[in-house]
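Following: one structure in C-alpha cells, then a few remarks.
In this text the structure is predicted, and so the values were computed from the model without any measurement.
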Amino acid sequence: MAAAATRLISRLTLVTGGGSGIGRAVCQRFASEGASVVVADISEESANETLGSLQGDLRGQGHMAGVVDVSSKESITKLVTSIQTRYFQPPSVCVNAAGITRDDFLLNMTEEEFDKVIQVNLKGSFLVTQAVAQALVACGAPKGSIVTVGSIVGKVGNVGQANYAASKAGVEGLTRTAAKELSRFGIRCNCVLPGFISTPMTDKVPEKVITKMKSLVPMGRMGEPAEVADVCAFLASDDSRYITGASVEVTGGLFIG
C-alpha cells in the first residue's frame with residue numbers, strides 16, 4: 001500500500017459500511033493517512049472490530065465506532081449529532097460504502113428484495129450525503145469531499161441484479177446532481193465504481209462463477225478492497241481538488257467494451 005503518508009491529517013471522516021469489505025479497507029487506509037475515522041455500520045460488532053484495527057498514532061487522531069442504519073433518517077441524524085458532540089465539528093469527508101445485495105432473476109424478484117436494496121444502497125446514500133452536506137454548510141466549513149461507492153454493474157447491468165444495478169446507477173445520478181448543487185459550498189462529490197472485488201459480498205458467489213468472472217477481467221484477477229480504498233483516499237484528499245461529479249472505475253478492465 002503506497003500511502004501518500006499524511007494527506008488526510010486531522011480530517012474527520014465518516015465511513016458507512018465501515019464494518020467490513022471495502023468500507024473497512026477505507027477506514028484502515030484513511031487512518032494510515034492521518035484521518036480521524038468514524039466507523040459506522042449496522043453491525044456494532046463489525047464496527048468495533050474495524051475500530052480495533054485502526055492506526056491512531058498520528059497527530060490529534062481519535063477514532064470512534066457508531067451504529068447506523070443508513071435507510072433510516074432518524075438513525076443518521078443521531079449518528080451525525082453524536083459525531084458533532086464528540087469532535088465539535090461535522091465530518092469533512094464522507095465515504096458511503098454501506099451496501100447490500102438481494103440477488104434474484106427479474107422474473108422472480110420480490111418487491112421486498114427490490115425495495116430493500118434501493119432503501120440501503122440508493123436512499124441510504126442520499127440520506128447520508130444530505131445529512132453531511134447540511135452539517136458542513138451549517139457550520140460554514142470551507143471544504144468537504146463525499147465519495148460514494150457505486151459499481152460497474154450500475155453501468156452495464158448484471159444478470160440477477162436488477163435491484164442492485166438500478167440502485168448503483170441511481171447513486172451516480174445522485175452524485176452528479178449533488179456535485180452541481182454543492183460545489184458552491186466547496187463540497188466535492190464523486191463515485192468509485194468497483195468491479196469484481198474480494199469482499200464478504202463476493203464470498204457467497206460459487207467458485208465456478210468466480211472463475212468465469214476472472215476470465216472476463218483483462219488483468220486476470222479479482223481486486224482487493226485496499227485497491228478501491230486507495231482511490232477513495234485520492235478523492236478525499238486535496239490531490240483531487242479539481243475533481244467533482246466524476247466516476248472512477250476500479251475494475252481491472254472489466255467491461256471496458
Side-chain angles (χ1 to χ4, degrees), residues 1 8 13-33 35-56 63-72 75-76 79 83 91 93-103 113 116-125 127-129 132 146-154 158 161 163-164 167-168 171 191-207 209-210 213 221-233 235-236 250-252:
M1 180 151 72
L8 301 174
T13 302
L14 166 61
V15 182
T16 69
S20 67
I22 290 169
R24 173 172 287 178
V26 167
C27 292
Q28 292 166 338
R29 175 66 199 238
F30 281 36
S32 77
E33 291 212 24
S36 290
V37 179
V38 178
V39 185
D41 202 278
I42 197 156
S43 158
E44 187 170 13
E45 194 186 346
S46 307
N48 281 319
E49 221 172 90
T50 298
L51 183 65
S53 74
L54 301 184
Q55 260 174 258
H63 310 303
M64 73 175 261
V67 178
V68 70
D69 171 4
V70 295
S71 67
S72 154
S75 176
I76 293 161
L79 175 70
I83 294 170
V93 174
C94 171
V95 180
N96 291 308
I100 60 165
T101 54
R102 294 284 184 275
D103 296 356
E113 285 169 332
K116 189 72 195 151
V117 169
I118 296 292
Q119 275 163 7
V120 173
N121 298 7
L122 180 53
K123 185 186 175 188
S125 297
L127 289 173
V128 174
T129 297
V132 169
I146 300 173
V147 180
T148 301
V149 179
S151 169
I152 192 64
V153 165
N158 195 26
Q161 292 198 309
N163 48 4
Y164 186 77
S167 72
K168 294 302 192 179
V171 152
C191 270
V192 176
L193 310 184
F196 205 48
I197 312 291
S198 321
T199 66
M201 213 183 250
T202 57
D203 291 346
K204 301 182 224 130
V205 177
E207 190 56 48
V209 178
I210 295 219
M213 289 303 289
R221 63 175 178 85
M222 290 173 75
E224 292 301 320
E227 293 173 312
V228 181
D230 290 345
V231 178
C232 293
L235 290 171
V250 187
T251 65

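Within the 4.5 Å cutoff, the side chain of Ile22 has heavy atoms near those of the Thr199 side chain. You'll find the side chain of Cys191 reaches within 4.5 Å of the side chain of Val171, heavy atoms only. A 4.5 Å side-chain heavy-atom check between Thr13 and Pro91 finds every atom pair outside the cut-off. At least one side-chain heavy atom of Glu224 sits under 4.5 Å from a side-chain heavy atom of Ser198. Side-chain contact between Val68 and Ile76: present, with at least one pair of heavy atoms (C-beta onward) separated by less than 4.5 Å. Residues Cys27 and Leu54 form a side-chain contact, since some pair of their non-hydrogen atoms from C-beta on lies under 4.5 Å apart. Counting heavy atoms from C-beta on, the side chains of Thr202 and Ile197 never come closer than 4.5 Å.
The salt bridge (charged side-chain N to carboxylate O under 4.0 Å, His left out) contacts involving residues 195-207 comprise nothing, where partners must be two or more places apart or lie in separate chains.
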### Task
Verify side chain to side chain contact (heavy atoms under 4.5 Å, CB included) between Val147 and Cys94, making sure each step is shown before the conclusion.
CA-CA 6 Å; Val147 180; Cys94 171; over 6 Å; no
### Message
Using side chain to side chain contact (heavy atoms under 4.5 Å, CB included), reason through Ile100 and Lys116 one step at a time and then give a plain yes or no.
### Response
CA-CA 8 Å; Ile100 60 165; Lys116 189 72 195 151; 3.6 Å; yes
### Task
Could you give me the CA-CA distance, side-chain angles and deciding distance for Thr148 and Ser125, then say whether side chain to side chain contact (heavy atoms under 4.5 Å, CB included) is met?
CA-CA 7 Å; Thr148 301; Ser125 297; 3.7 Å; yes
### Task
Apply the test side chain to side chain contact (heavy atoms under 4.5 Å, CB included) to residues Leu14 and Ile83: give CA-CA distance (whole Å), side-chain angles for both, the deciding distance (0.1 Å), then the verdict.
CA-CA 9 Å; Leu14 166 61; Ile83 294 170; 4.1 Å; yes
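Looking at every heavy atom in both residues, Ala65 comes nearest to Asn48 through CB-OD1, 3.5 Å. Scanning all heavy atoms of the two residues, the minimum distance from Pro225 to Gly21 falls at CB-O, 3.8 Å. Contact detail for Ala47 and Asp41: the closest heavy-atom pair is CB-CB, 4.0 Å. Of all the heavy atoms in Phe30 and Ala229, the pair that sits closest is CE1-O, 4.2 Å. The nearest pair of heavy atoms linking Gly66 to Leu79 is CA-CD1, 4.2 Å. The two residues Val93 and Ala236 have their closest heavy-atom pair at CG1-CB, 3.7 Å.
A donor-acceptor pair is defined here as one N or O able to donate and one able to accept, closer than 3.5 Å; no such pair exists between the side chain of Ser71 and the backbone of Val120. Within the 3.5 Å criterion, the main-chain N or O of Val149 finds a donor-acceptor partner in the side chain of Lys168. Judged purely by atom type and a 3.5 angstrom limit, Thr16 uses its side chain to pair as donor or acceptor with the backbone of Ala98. Under the 3.5 Å distance criterion, the side-chain polar atoms of His63 are matched with a main-chain donor or acceptor of Val37. Side-chain N or O atoms of Thr50 include one that pairs as donor or acceptor with a backbone N or O of Gly18 at under 3.5 Å.
Checked against salt bridge (charged side-chain N to carboxylate O under 4.0 Å, His left out), Glu113 has no partners two or more places apart in sequence or in another chain. Applying the side-chain contact (heavy atoms from CB on, under 4.5 Å) criterion to Gln161, with sequence neighbours excluded, gives Thr101, Asp103, Val153, Asn158, Tyr164.
When only modelled atom types and interatomic distance are considered, Ser46 and Ser43 share a side-chain donor-acceptor pair under 3.5 Å. A donor and an acceptor atom, one from each side chain of Ser167 and Asn121, are located under 3.5 Å apart. Side-chain atoms of Asn96 and Thr129 form a donor-acceptor pair, as typed in the model, at a separation below 3.5 Å.
Note that the CG atom of Asp69 and the CD1 atom of Ile42 stand 4.0 Å from one another [nearest 0.5 Å]. Rounding to the nearest 0.5 angstrom, the gap separating the CD atom in Gln28 from the CD atom in Gln55 is 9.5 Å. From Asn163, atom CG reaches atom CD of Gln119 across 11.5 Å, with rounding to the nearest 0.5 Å. Annotation: the span from Glu33 atom CD to Asp230 atom CG amounts to 8.5 Å, rounded to 0.5 Å.
Salt-bridge annotation for Glu227 and Arg29: absent, with no side-chain N of the basic residue lying under 4.0 Å from a carboxylate O of the acidic one.
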